[in-house]
Amino acid sequence: MSQRPLRKRVMVTGGAGFLGSHLCDRLIAAGNDVLCVDNYFTGRKDNISHLLLNPRFEAMRHDITFPLYVEVDEIYNLACPASPVHYQYDPVQTTKTSVIGAINVLGLAKRTGAKVFQASTSEVYGDPEVHPQTEDYRGNVNPLGIRACYDEGKRSAETLFFDYFRQHKVKIKVARIFNTYGPRMHPNDGRVVSNFIVQALRGENITLYGDGMQTRAFCFVDDLVEGFIRLMATDGDVTGPVNLGNPYEITVHELATRVIRLTESSSEIVYRPLPQDDPMQRCPDISLAKKLLEWEPKVELDAGLGATIAYFRRLLDDQSRA
Ligand code: NAD
Ligand code: UDP
Ligand code: UDP
């Protein structure tokens with residue numbers, strides 16, 4: 001008779017956030033025990049309320065800049081505000097979350113022998129001069145600008161991950177995540193997809209920063225989470241960094257026109273100043289992820305936007321009824 005593998009105890013920091021809550025869903029569905037650790041700075045209990053009655057799920061309010069002693073087999077470190085509006089709100093706390101948070105999860109992984117996954121970011125490439133971005137590109141980050149608390153915090157976290165790997169043999173998996181969207185994004189987090197959809201559904205002006213010719217490539221959340229699971233499952237010698245994102249690149253102006261079309265909105269585009277250090281182009285080269293993980297995104301932009309629009313429609317309806 002074949003034996004069922006022992007179920008894993010998996011910790012997700014930032015588990016009540018946008019990406020973290022989808023990851024918790026996926027880990028629970030696979031039969032794991034999940035410990036969600038979050039201080040609810042940008043995450044919401046609503047994102048995980050459907051999991052609370054599951055005996056394999058546990059939610060803990062905790063700030064990862066403080067030590068945490070628990071026994072786990074795997075750690076996904078996602079805790080960190082991700083939208084520019086949120087991470088610039090308290091930039092010192094953003095750097096602390098990335099750097100001290102990384103030290104704490106790495107210390108925990110060192111003590112327990114757990115594998116540890118780091119949610120790094122395409123922001124480590126800054127305003128890139130190499131396009132599309134490959135993992136060996138070292139980036140063009142302004143260390144003094146308003147995005148630096150996030151960009152440099154995440155860069156330091158990567159350094160810590162690789163030093164704990166070299167010095168203490170901690171099993172690390174580093175993913176560099178590119179712009180991701182989907183249901184459970186925070187309606188006020190200021191990111192482009194949520195802003196445009198909420199504006200279109202409310203019939204408000206769509207705020208395009210700069211001339212709208214800057215590019216991004218948007219990945220649907222389900223595709224991204226599949227990439228997380230595959231990276232965590234790789235052999236011990238695979239550390240990353242691995243780019244995870246959808247290489248379908250469009251201008252922000254094109255995104256605005258698509259959102260208007262898909263929502264059948266009468267909103268109009270208005271132009272606002274481009275924020276400081278806003279990257280002019282961004283698109284992942286995902287050759288490494290394809291080779292190592294046999295992974296590539298499957299959800300096309302219009303389909304993913306459709307699902308996200310449906311989510312925000314329900315959310316705004318619920319808010320107007322409340
Ligand atoms: P999010 O803001 O929805 O989630 C972040 C979560 O971390 C929230 O639940 C928040 O409350 C929690 N958190 C913040 N500081 C904390 C602290 N000190 N202690 C405990 N919890 C804390 O953002 P997201 O989009 O889900 O991003 C998750 C991770 O993925 C982040 O690390 C982010 O940098 C990374 N990432 C996301 C994207 C994207 O497009 N969504 C792109 C690149 C990287
Ligand atoms: N740490 C933690 N949980 C653990 C083990 C460590 O939160 O289970 C934290 C603790 O704050 C520690 C940090 O991780 O300071 C780094 O741990 P490490 O063992 O690398 O260093 P040290 O204990 O010497 O500071
Ligand atoms: N943006 C925009 N209007 C908005 C919000 C964002 O034009 O209401 C632009 C922003 O200037 C950037 C791109 O959309 O060029 C993506 O912004 P976001 O904050 O989602 O993520 P970033 O990739 O900059 O971290």
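Atoms within a ligand are numbered from 1 in the order they appear, just like the ligands themselves. Keep in mind that what you see is a predicted model, and the values were worked out from it rather than measured. Below, each value reflects all heavy atoms present in this structure, side chains not excepted, and no hydrogens, waters or symmetry copies.
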Min heavy-atom dist Thr13 to ligand 1 below 4.0 Å: no
Glu123 touching ligand 1 at heavy-atom level, < 4.0 angstrom: no
Distance-only N or O hit between ligand 3 and Arg216, under 3.5 Å: yes
Close N or O approach (Asn179, ligand 3; < 3.5 Å): yes
Closest candidate by heavy atom, reference atom 15 (N) of ligand 1, pool Val193, Val124, Asn39: Asn39
Sole candidate of Leu224, Ile286, Asp222 that passes side chain to side chain contact (heavy atoms under 4.5 Å, CB included) when paired with Pro297: Ile286
Other ILVMFWY residues reachable from Val174 by side-chain steps of under 4.5 Å: Met11, Leu35, Val37, Met60, Ile64, Leu68, Val70, Val72, Ile75, Val99, Ile103, Val105, Leu106, Leu108, Val116, Leu160, Phe161, Phe162, Tyr164, Phe165, Val170, Ile172
Selected option - heavy-atom contact closest to atom 29 (C) of ligand 1, from Leu78, Thr94, Thr97, Leu68: Leu78
Contacts of type ring-ring contact (aromatic ring centres under 6.0 Å, His included), residue Phe312, not counting sequence neighbours: none
Residue-ligand contact Arg184/ligand 1, heavy atom below 4.0 Å: no
Met280: hydrophobic cluster co-members (side-chain, 4.5 Å): Tyr209, Leu274
Heavy-atom proximity to atom 18 (N) of ligand 1, best of Asp63, Thr121, Leu19: Asp63
Side chain proximity check, Glu158 to Arg176, heavy atoms < 4.5 angstrom: yes
Gly101 heavy atom under 4.0 Å from ligand 1: no
contact_flag Tyr150 ligand 1 heavy-atom lt 4.0 Å: yes
Side chain Thr215, main chain Met213, donor-acceptor under 3.5 Å: no
Any N or O of Val192 closer than 3.5 Å to N or O of ligand 3: yes
Residue portion contacting ligand 3 (non-hydrogen atoms closer than 4.0 Å) for Arg147: side chain
Contact residues of ligand 2 (heavy atom under 4.0 Å), by chain and number: Pro67, Leu68, Tyr69, Ile103, Asn104, Gly107, Leu108, Lys110, Arg111, Tyr164
Contact with ligand 1 for Arg44, non-hydrogen, under 4.0 angstrom: no
Of the listed options Ala175, Cys80, Ala82, Ser83, closest to atom 5 (C) of ligand 1 (non-hydrogen atoms): Cys80
His253 and Tyr271 aromatic ring geometry - parallel, tilted or perpendicular at 30°/60° bounds: parallel
Heavy-atom gap Met185 to ligand 1 smaller than 4.0 Å: no
Atoms in ligand 1 flagged as close to Thr180, the criterion being non-hydrogen separation under 4.0 Å: 39 (C), 40 (O), 41 (N)
